[in-house]
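Right, one structure below, let's go through it.
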Amino acid sequence: MTTEHVEDLNKLMIQRRQKIEEMQKMNIKPYGKKYKTSHHTADIVENFADLEGEQVSLMGRIMALRTHGKASFADLMDMKGRIQLYVKVDMVGEEKYNFFNTLDIGDIIGVSGIVFKTRSGQISIRVEDFRFMSKSLRPLPEKWHGLKDKETRYRQRYVDLIVNPEVKNTFELRSKIIREIRRFLEDRGFLEVETPMMHPIPGGTSARPFITHHNTLDMDLYMRIAPELYLKRLIVGGFEKVFELNRNFRNEGMSYKHNPEFTMMEVYQANADYYDMMELMEEMVAHVAENTLGSTKINYQGKDIDLTPPWRRLTMVEAVKEYTGIDFNQIESDREAVEAARSIGLEVPSNTSKGRVLNNIFEEKVEGNLIQPTFIMNYPIEISPLAAKMEEDPMFTYRFEAFINGWEMCNAFTELIDPIDQKERFEEQVRQRAAGDEEAHMMDEDFVRALEYGIPPTVGLGVGIDRLVMILTDSPSIRDVILFPTMRPEQ
RNA sequence: GUCCCGUUAGCUCAGUGGUAGAGCAUUUGACUUUUAAUCAAAGGGUCAUGCGUUCGAGUCGCAUACGGGACACCA
């Protein structure tokens, strides 16, 4: 700690640094070694009947200190909760007792003592001995109002976690949700795999990528926007059921439901179709809700949502008809479609194709209404370059998305497995890219080559994990379910 | 990218163009079952940053930074 730095510190921080000097005079180490513990706080509270009168030892952070002359109370917090400490001068001796009263909120100590209940019924530890373990040099936010400032909460998540217990709950729940997804898929014979995060050609979806550079190879690489094309290569290779649950990176706008890096789960299954995947999706979400929240009936920001399968299924054409009255089965030409869109107040360029118009109307007029889980099926081919064409109507694909609370929660389709068709669709994307569409797909020759070896009929599903966690943890912003959300640097 | 809002003590927040406020936290004292402990006293501020308007700016204006919200972009 340099002196010029100390000058910047506020009074509270100077006081705490001075306490370190006083501790050193007393031969107490401000930063010590591990302390042998027998329990966590919550274990004692939960098993009080068995532990009353027993000796226990704990490690934790002082969160409150109430001195009463010759006896003091403190609240000790660890990863499982809090417990009250009761320290008496005649138990620990005058010197230790006086030192205890100089502890700061935030300091970390090890204690051992006897479990008992105070007169007012509070389960506590009568401290027989304690050891200082680590000094806290910065004051924590206030005990009652906690830390509210969102900027500080996101930038200094460690403080948020210390003082806002519900934040810890959210992230524990997130961990359980991800664990249950893995368990669900593994129980059904899916193999978890890891494919590259740095791609020479970013593919698998429409999105702008982040670009990075490899020095030794002297080449640019792209942070992946989706694992899709690599997972399908694995289906070519003979893995019939695979999934990957990890980060994707998209260089796009940020919002309460978009973070530049986010967690995606993609599943691929050979010899299956999109009906199988709809079943898997609704069962998986129900399994996760049941095993983390204990119910498939949840409440998100005041809205009751019932995740119990089966979920409602509608084609995109049916959904648009239901919410706007426009029947795309009756629309023959692109021009008619554009006119229909304009008739309900949507601005659409004149040269827009029928399928894109349908999708625009869906996004503008339908999506937001789909609060209860709903599968929307059969997406237009123009916006689905990796999905299999429907035999019944080549304008559409065997693709579906699930919506909950008006948000897209997953995207899935029976995969295009015809390498010749795939190559043509890539070529069309390349033309659109040349025409200025930055998010059109790039040609991936190796992926086409893989398909040329032959791939069984396959279905794939991608689930936005952060949004699922938002719904299940009742979190209003994606930043509330990502420990360290992307932010500009301070200053 | 556009618009709106916010930034005052460690934290949570008041603040009407005229001496910078409260609660908690902190320091000192009292108190051996308190628990938002209590009681008594004290200290604590580059009002985000910069430039203006004004006799005088936390307050009015402009710009910048960071954050939040909405929209746009976007699966």
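Naming convention: chains lettered A, B, ... in sequence-line order (proteins, then strands); numbering from 1 in each chain.
Taking atom C1' on both nucleotides, B/rA30 is separated from B/rA48 by 42 Å, rounded to a whole Å. Taking atom P in both B/rU2 and B/rA63, one finds a spacing of 12 Å when rounded to whole Å. Here the separation of B/rC47 from B/rC11, taken at their P atoms, is 15 Å to the nearest Å. Here the separation of B/rC60 from B/rA25, taken at their C1' atoms, is 35 Å to the nearest Å. The same atom, P, is picked in B/rU26 and in B/rA37; the two are 10 Å apart, to the nearest Å. Comparing B/rU27 with B/rG21, their P atoms are spaced 24 Å from each other, to the whole Å. Rounded to the nearest Å, the gap between the P atom of B/rC13 and that of B/rG69 is 16 Å. Nucleotides B/rC5 and B/rG44, compared at atom C1', are 30 Å apart to the nearest Å.
Remark: A/S134 pairs with A/Y31, A/I108 by the side-chain contact (heavy atoms from CB on, under 4.5 Å) rule, at least two apart or across chains.
Along RNA chain B, the nucleotide nearest A/R126 and the nucleotide nearest A/E363 are compared for position; the residue whose nucleotide lies closer to the 5' end is A/R126. For A/R16 and A/W144, each mapped to the nucleotide of RNA chain B holding its nearest heavy atom, the one lying further toward the 5' end belongs to A/R16.
Counting any heavy atom pair closer than 4.0 Å across all strands shown, A/F362 reaches no nucleic acid atom. Among the protein residues, A/K257 comes within range of no part of the nucleic acid, since none of its heavy atoms lies under 4.0 Å from any strand. Contact annotation for A/E408: base contact, defined as any heavy-atom pair under 4.0 Å involving a base atom. Contact annotation for A/E439: backbone-only contact, meaning every heavy-atom pair under 4.0 Å involves sugar-phosphate atoms and none involves a base. Looking at heavy-atom distances under 4.0 Å, A/Y379 makes contact with a base. Among the protein residues, A/D90 comes within range of the nucleic acid bases, having at least one heavy atom under 4.0 Å from a base atom. Heavy atoms of A/G462 sit nowhere under 4.0 angstrom from any nucleic acid atom. Within 4.0 Å (heavy atoms only), A/A64 reaches no atom of the nucleic acid at all.
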Polar pairs (N or O, both sides) under 3.5 Å between protein and nucleotides 70-72 of chain B?
none

Could you list the protein-to-nucleotides 42-48 of chain B atom pairs, N/O on both sides, closer than 3.5 Å?
from   : atom 1 : to    : atom 2 : distance (Å)
B/rG43 : O2'    : A/K11 : NZ     : 2.7

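Across all strands shown, B/rU34 has no partner, as no Watson-Crick or G-U wobble contact with both distances under 3.5 Å is found. The nucleotide B/rC74 finds no pairing partner, because no Watson-Crick or G-U wobble arrangement with both distances shorter than 3.5 Å includes it. Pairing of B/rC39, defined by two Watson-Crick or G-U wobble distances under 3.5 Å, is identified with B/rG29. Both distances falling under 3.5 Å, in either a Watson-Crick or a G-U wobble arrangement, place B/rC11 opposite B/rG23. Nucleotide B/rG18 is matched to B/rC55 when pairs are restricted to Watson-Crick or G-U wobble geometry with both distances under 3.5 angstrom.
No donor-acceptor contact under 3.5 Å links the side chain of A/E151 to the base of B/rG68. With hydrogens and angles ignored, no donor-acceptor pair closer than 3.5 Å exists between the side chain of A/H145 and the base of B/rC11. In the interface, the side chain of A/Q122 is paired with the base of B/rU35 through a donor and an acceptor atom under 3.5 Å apart. In the interface, the side chain of A/Q84 is paired with the base of B/rU34 through a donor and an acceptor atom under 3.5 Å apart. Taking 3.5 Å as the limit, the base of B/rU33 and the side chain of A/S120 contain no donor-acceptor pair of atoms between them. Looking at A/R66, its side chain comes within 3.5 Å of the base of B/rU34 through a donor and an acceptor atom.
For B/rA37, one of the phosphate oxygens OP1 or OP2 lies less than 4.0 angstrom from a side-chain nitrogen or oxygen of A/K143. Remark: A/K19 is in phosphate contact with B/rU27, judged by side-chain N or O atoms under 4.0 Å from OP1 or OP2. For A/R250, no side-chain nitrogen or oxygen approaches OP1 or OP2 of B/rC74 to under 4.0 Å. Dashed line: the shortest gap from a side-chain N or O of A/R479 to OP1 or OP2 of B/rG68 is under 4.0 Å.
The distance between atom CD of A/E367 and atom P of B/rC74, rounded to the nearest whole Å, is 13 Å.
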Checklist entry - Run the side-chain contact (heavy atoms from CB on, under 4.5 Å) check on A/F400 and A/I376 step by step: do they pass? => result CA-CA 5 Å; A/F400 73 86; A/I376 298 296; over 6 Å; no
Item to check | salt bridge (charged side-chain N to carboxylate O under 4.0 Å, His left out) evaluation trace for A/E322 with A/R312 | outcome: CA-CA 13 Å; A/E322 179 172 325; A/R312 192 172 184 216; 2.8 Å; yes
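Around the CE atom of A/M254, the shell of radius 6.0 Å holds more than 12 heavy atoms that belong to other residues, nucleotides or ligands. For A/E347, the CD atom counts as loosely surrounded, since its 6.0 Å shell holds 12 or fewer non-hydrogen atoms of other residues, nucleotides or ligands.
Ring geometry for A/F362 versus A/F403: interplanar angle over 60°, hence perpendicular rather than tilted (30 to 60°).
Residue A/T41 forms a side chain to side chain contact (heavy atoms under 4.5 Å, CB included) with just one option from A/M77, A/E46, A/M59, A/K80, and that option is A/K80. Of the candidates A/T352, A/I383, A/V320, A/I326, A/V320 is the only one forming a side chain to side chain contact (heavy atoms under 4.5 Å, CB included) with A/L358.
For A/Y274 and A/F413, the gap between ring centers reaches or exceeds 6.0 Å.
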